[in-house]
> 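Following this message is one structure expressed as structure tokens.
Starting from 1, each residue takes its place in the sequence as its number. Bear in mind the structure is a predicted one, so any value in this text is a computation, not a measurement.
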Amino acid sequence: MAPVGAAAAARQADPVLTRLVYRDQIPWYRKRNLRRLYALLLPTCIGIEMTSGFDSQMINTVQIAPTWQAYFNEPQGALLGIISSAYNLGAIFALPLVPYVSDKFGRRWAIFIGSWIMFAGSLVQAFSVNAGMYVGARFILGFGIPFCIIAGSSLMAELAYPKERPIMTSLFNALWFVGSLIAACISYGTQNLKNNWAWRIPSILQAGPSLLQIIFIFMIPESPRFLISQDRHEEAYHILITYHAEGDTSSRFAAAEMAQIEHTIRIELENSKRSWREMIAVPGLRKRVIICSFLGLFTQWSGNTLISYYLNDLLGLIGYRDADFKGKVNVGLNSWNLVNAVAISLLVRRFPRRKMYLICASSLLCCYVAWTIAVQQYSTNRRVESARLTIAIIFLYQACYNIGYNALTYTYLIELFPFAQRSKGITIFQFFGRTAGFFTTFVNPIGLGNVKWKWLITYCCWLAFEIVFIYYFFPETYARTLEELAFLFEDRALADEATHQVEKQIEYAERRFSYMKERMSWEMDVVLPSKSNDARRSANTGQRRDLRRGDWWED
């Protein structure tokens, strides 16, 4: 399917470095330093979204607990809406501060600060004495999460080896379901408690992911791109050598990657004031802002918040009132989500981004149409078959949602924005996503209460619009490094300039490597004159392999 509109107008640099990346046949798990880096990224960056997943499921499942309902006087309508949406409201208020902290002090400090805020919010939530305090605690939790999400997604993408970067950034959102599943299981297990600890225990445990980030965040390196932007080039190059070349200081790939990052960021900073105004004033950035703004709306207005926050009410529409059954459905749904979200994340390198988004939106529309019909049929004839079909559609819907809006969200955002505007771009996405989340979590219980199954029709109409927007406006970013995508909507000359510098670096490395091979061959002939040709050849090959230290080129 050929892109049209703004999607067709996107310009991509020649993928010089990408071609080198895909010549690397050594898997990441056979690289010691890269294994260590990814192991530390798991609790510090990839696990950040576990907090959001935990929160959405916890507030979903505690509503099933009779003790929570009794303690807060069975909140309904607007009160229930503000309890659920206060998390997103807090995030909206934090967003203006996040790019400043992330770009000024670094990605790690932003994560550290946000984690402490969420840790405090969890404790306040656990020991709330009334609905107002509970809402305030959820506001604090929401205030902390954008610091971690924006800085964490950027840090992970900027540290990961280019071949694994799409998988890592896709897993970032997929692990939302780890927190969601844990919260569902904990809340289900505490439902049998006959006191307020049935909902206080899940609130305390919500601090777990934040505590992991506080402990481990300074065990990982800072973003090389951030260091280069701060004129700390030697530190950045050392990180690339250590983790992308396994400590090989003669690595041609690390030298080419460093050249690409340095020159691209230099060009970006020379042509950018890094201000909020230029996000609207500059045509290329304006296109990116429009795309990321609607992507933020799509991730929250595609009907997913109904399931995440109001599964209790949805099951009530089809006649299921038993708290034990609802808890089992919730645990099963989150287990299913985790499995298919991780599986889809591991496959993102194989499919173009734009095609995955179109498949996602189209399949969601089909699911919602079928879902609306099934609920309408149940409300008319009360047949159990319609109720069971509705549950099956909910499970299918979640898998379809994960194809695009879960697996690709941060992968696509990080590829869409160049380094100089990446934090601001993800902040804009968060603003629209959180605003949409606040609105929809507030109005969903009102809509379900007033018009019942007809509320689902609004999502059918919106999903049809999503398909049209993606087709005309989403550019393709598949199979490129971040720097090769830096000038996606800008003058092609800027992209060519950065590419030229990389080609010069690669050419220099090739000449240097050829010289070293010739010199080594000459030294072997001099040092080992008495050995046979086979012995000399074997010794020479051994030395060359030791010199290369497992780099990507072949003997």
Side-chain angles (χ1 to χ4, degrees), residues 37-62 86-88 90-91 94 98 102 107-127 137-157 159 168-190 199-220 308-309 331 334-335 337-338 341-342 345 406 409-410 426 430 433-434 437:
L37 176 64
Y38 290 167
L40 288 172
L41 284 175
L42 182 61
T44 54
C45 292
I46 304 177
I48 285 172
E49 278 286 16
M50 288 193 297
T51 302
S52 292
F54 195 107
D55 182 83
S56 69
Q57 273 311 303
M58 186 206 67
I59 202 63
N60 193 3
T61 52
V62 293
Y87 185 81
N88 287 318
V98 178
S102 183
R107 316 305 198 202
R108 294 184 301 175
W109 274 104
I111 295 171
F112 187 72
I113 292 170
S115 298
W116 272 113
I117 294 172
M118 289 190 291
F119 183 82
S122 298
L123 297 183
V124 174
Q125 180 178 251
F127 297 103
R138 294 187 49 70
F139 181 93
I140 296 172
L141 278 164
F143 192 89
I145 192 66
F147 289 92
C148 297
I149 289 178
I150 293 170
S153 58
S154 299
L155 178 60
M156 182 170 52
L159 279 175
M168 299 293 286
T169 49
S170 296
L171 285 173
F172 178 80
N173 227 19
L175 289 197
W176 189 94
F177 294 112
V178 172
S180 180
L181 177 60
I182 292 173
C185 292
I186 291 172
S187 299
Y188 177 72
T190 59
W199 59 269
R200 293 190 192 274
I201 289 175
S203 295
I204 292 174
L205 294 178
Q206 188 171 351
S210 299
L211 189 60
L212 288 176
Q213 290 146 31
I214 291 169
I215 294 171
F216 291 105
I217 187 59
F218 290 108
M219 295 185 185
I220 62 174
S308 298
Y309 287 90
V331 172
N334 282 282
S335 301
N337 275 330
L338 178 59
V342 171
S345 296
N406 181 274
T409 297
Y410 289 99
I426 301 176
Q430 282 279 314
R434 296 293 176 180

> Which distance, rounded to the nearest 0.5 Å, do you find between the CD1 of Ile220 and the CG of Leu37?
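Going from CD1 on Ile220 over to CG on Leu37, the span is 7.5 Å.
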> Check whether the ring centres of Trp109 and Phe218 lie less than 6.0 Å apart, and answer yes or no.
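That pair passes the under 6.0 Å test.
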> Which heavy atom of Gly152 sits nearest to which heavy atom of Phe172, and what is that distance?
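Taking Gly152 first and Phe172 second, the nearest heavy atoms are C-CE1, 4.2 Å.
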> How far does CD1 of Ile182 sit from CZ of Phe177, to the nearest 0.5 angstrom?
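Separation between the atoms: 13.5 Å.
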> Please list all pairs meeting side chain to side chain donor-acceptor pair (under 3.5 Å) that have one or both residues in residues 175-184, counting only residues at least two apart or in different chains.
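Sorted result for residues 175-184: Ser180-Asn334.
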> Distance-only, no hydrogens or angles: does the Ser345 side chain make a donor-acceptor pair with backbone N or O of Ser170 under 3.5 Å?
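Yes; at least one donor-acceptor contact below 3.5 Å.
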> Any side-chain heavy atom of Ile186 within less than 4.5 Å of one from Phe54?
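Contact flag for Ile186/Phe54 side chains = yes.
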> Test side chain to side chain contact (heavy atoms under 4.5 Å, CB included) on Leu171 and Leu42 and set out the steps.
CA-CA 9 Å; Leu171 285 173; Leu42 182 61; over 6 Å; no
> Can you list every pair that meets salt bridge (charged side-chain N to carboxylate O under 4.0 Å, His left out) and has a residue in residues 41-58, with sequence neighbours left out?
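Listed once each, the pairs are Asp55-Arg138.
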> Can you tell me how far OG1 of Thr51 sits from CG of Leu141, rounded to the nearest 0.5 angstrom?
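Output value for this atom pair is 8.5 Å.
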> Taking all non-hydrogen atoms of both residues into account, name the closest pair between Met156 and Cys45 and its distance.
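It is CB-CB, 4.1 Å.
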> Between Arg434 and Asn88 (side chain of the first, backbone of the second, donor and acceptor by atom type, cut-off under 3.5 Å), is there such a pair?
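Such a contact is absent between Arg434 side chain and Asn88 backbone.
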> Report the distance from atom CG of Leu41 to atom CE of Met219, rounding to the nearest 0.5 Å.
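One finds 13.5 Å between CG of Leu41 and CE of Met219.
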> Where do Pro146 and Val98 come nearest, in terms of heavy atoms and distance?
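Result for this residue pair: O-CG1, 3.8 Å.
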> Do you know the tightest heavy-atom contact between Ala91 and Ile145?
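That closest heavy-atom pairing would be CB-CG2, 4.3 Å.
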> Please report the closest heavy-atom contact between Ala151 and Ala110, naming both atoms and the distance.
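Heavy atoms of Ala151 and Ala110 come nearest at CB-CB, 3.6 Å.
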> Of the non-hydrogen atoms in Met50 and Val178, which two are nearest, and what is the gap between them?
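What the structure gives for the nearest pair is SD-CG1, 3.4 Å.
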> Would you give the length of the straight line joining atom CD1 of Ile111 to atom CD1 of Ile149, rounded to the nearest 0.5 angstrom?
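It is 11.0 Å, given to the nearest 0.5 Å.
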> Hey, what do you get for OG1 (Thr44) to CD1 (Ile217), rounding to the nearest 0.5 Å?
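Thr44 OG1 to Ile217 CD1: 5.0 Å, rounded to 0.5 Å.
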> Carefully, step by step, assess Ile426 and Ser153 under the rule side chain to side chain contact (heavy atoms under 4.5 Å, CB included).
CA-CA 9 Å; Ile426 301 176; Ser153 58; 3.7 Å; yes
> Tell me whether Gln206 contacts the main-chain N or O of Pro202 through its side chain, where contact means a donor paired with an acceptor under 3.5 Å.
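A pair under 3.5 Å: no.
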